[in-house]
2 protein chains.
Amino acid sequence: MARAIDEGLLAAARLFAGIGGAELHRIAEMARLVSRPAGGEFFSQGDPATAFFLLVEGRARIVQITSDGQQVTLRYIAPGEVFGAVPLFSGGPWPATALAVVDSTAARWSREATDRLTAQYPVILANALAIVGERVREIEDRYRELATERVEQRVAHALLHLANVTEKSPAGAEIDFPISRQDIAELTGTTLHTVSRILSAWEQQGVIESRRMHVRILRPEGVRAIAAEARPEGRSRL
Amino acid sequence: MARAIDEGLLAAARLFAGIGGAELHRIAEMARLVSRPAGGEFFSQGDPATAFFLLVEGRARIVQITSDGQQVTLRYIAPGEVFGAVPLFSGGPWPATALAVVDSTAARWSREATDRLTAQYPVILANALAIVGERVREIEDRYRELATERVEQRVAHALLHLANVTEKSPAGAEIDFPISRQDIAELTGTTLHTVSRILSAWEQQGVIESRRMHVRILRPEGVRAIAAEARPEGRSRL
DNA sequence: TCCTGTCATTGACCTGGAGCAAAGACCTCC
DNA sequence: GGAGGTCTTTGCTCCAGGTCAATGACAGGA
């Protein structure tokens, strides 16, 4: 709590793009650092939205819980990313819960601080709009995936995304935080059993390697091929 | 094209909330009216994003087309709603296609006009942020539905939404634009066959009434009950 | 070292809904 | 009023993946 916020992180954050060092210092002073142990909550679905957060260290996941107790993971948050900001701008309570995946620390700006922030630095509004717009696009893509692709492809996409595999990642990459089969299932809209079967098969083929709570991609192009696989036949273009 | 834009519509639009009559007039002058016949496109997935739109009259739907030709409907647009704005703020080409469902007219602000608009009336940025935030919430809800609910419940939700049925709608309501089984299927992530079967069953039960390209909800509480139905058994809260 | 709780694997079974096919209903335009 | 196009319905089949059940593998604490 007493520690200072790393202003380098703020400088790199997209939300504060275009803001200089001196101002960043004042912005940092308006925030409060909050830490949560693995499994702890930064905020909880249904509670009134009183602040927004920027993850400083660790990893968080945003989860919706349905009325019958199923969990759906909307996104994972890496350091430097903003979360919990939407209801501050569009009103309403928090539509989801933010869970610390590992011991994590976030900077927290209260609603009042946010109001001052956007009044003093209007560029933040524009940056926020770009970020939220980007999020619309991501979730729309996930939606399309869920509507049109099979589980295996969705899991492949999720792994590539979580392991930060890009076009030019030559060698493999490991997901750098602990993740269970159940977690992957909640992220891809399936069950841990199906995830387990899929990962076992891939491990047989040698495209991934996995142990308890860990997944490593050995052959990214193999996983990418699975992600791109078309559905068998038929389905004639209309 | 030569017609003037209805400033009453702009005044009611959420995007221009907080802007007075005189300014609205100038804003209206910066737009151009574009009309499309039923089935026509306002913009097309993959094209560079050069403007944003506000639907003046008619109805539009935003559709993504997958590489293998399947269509996924992201949302329907009613008069007064903004569409196509996201890529103007976060960059990139249009991620989807906007189709006129019936003969429709929209006001179109070019990218340059948009820049002037947000510079002169910063409140538009804040309004846009609220709108886009709202959209994040909506699509996240749809995502959760798709991940956790059965087809029947998703169709029920979709009909209630399309027919504008709210808590206090006593009598039935009709979807006030033509919509096929295929359209409903693309909106709910299923096939026209399944939609047809479901609607037939509901018609038997007397909760809806339907003809070619039309659906009317007779007993909203009946449809709402279906939408809320829990999955049979098991699924013990973990 | 054992004990307990969490996570993972795998087999067997079942089902919601997709895929396929064919026929019917409606609409519009000659 | 017939012909052709677009929607819709409905029966049948099949399978991806959910559900159920049981066992196994680790990890951390006492």
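Each chain gets a letter, A, B and so on, in the order its sequence line appears, and its residues count up from 1.
The side chain of B:T190 places no N or O atom within less than 4.0 Å of a non-bridging phosphate oxygen (OP1 or OP2) of C:dG17. Distances shown here put a side-chain N or O of B:S200 below 4.0 Å from the OP1 or OP2 atom of D:dT10. Between A:T194 and the phosphate of D:dG18, there is a side-chain N or O to OP1/OP2 separation shorter than 4.0 Å.
Toward the 5' end of DNA chain D, the nearer of the two residues A:R154 and B:V195, judged by each one's closest nucleotide, is B:V195. Mapped onto DNA chain C by nearest heavy atom, A:S180 and B:H193 fall at different nucleotides, with A:S180 at the one closer to the 5' end.
Following rounding to the nearest Å, B:R212 (CZ) and C:dG24 (P) show an atom-to-atom distance of 16 Å. The CZ atom of A:R211 sits 13 Å away from the C1' atom of C:dC7 (whole-angstrom rounding). Summarising the geometry, the separation between CG on A:D183 and P on C:dC7 is reported as 8 Å, rounded to the nearest angstrom. Atom CG of A:L192 is separated from atom P of C:dT10 by 13 Å (rounded to the nearest Å). If you measure from atom CG of A:L146 to atom P of D:dA16, you get 18 Å, rounded to the nearest angstrom. Across the protein-nucleic acid pair, B:R181 atom CZ and C:dC26 atom P stand 12 Å apart, rounded to whole Å. For the pair B:L199 CG and D:dT9 P, the computed distance is 7 Å after rounding to whole Å. Distance A:H214 NE2 to D:dC26 P: 13 Å, rounded to the nearest Å.
With C:dA8, D:dG17, D:dT19 as the choices, the nucleotide that has an atom nearest any side-chain atom of A:R150 turns out to be D:dG17. The side chain of A:V151 approaches D:dG17 more closely than any other nucleotide in the set C:dA25, D:dA27, D:dG17.
With hydrogens and angles ignored, a donor-acceptor pair closer than 3.5 Å exists between the side chain of B:R197 and the base of C:dG19.
No side-chain heavy atom of A:T191 sits less than 4.5 Å from a side-chain heavy atom of A:R197.
For the pair A:E174 (side chain) and A:I217 (backbone), a donor-acceptor distance under 3.5 Å is absent.
Remark: B:R14 does not engage B:E81 in a salt bridge, criterion side-chain N to carboxylate O under 4.0 Å. A salt bridge links B:R216 and B:E209; the closest N-O separation between the charged side-chain nitrogens and carboxylate oxygens is under 4.0 Å.
Between A:Y143 and B:Y143, the gap from one ring centroid to the other reaches at least 6.0 Å.
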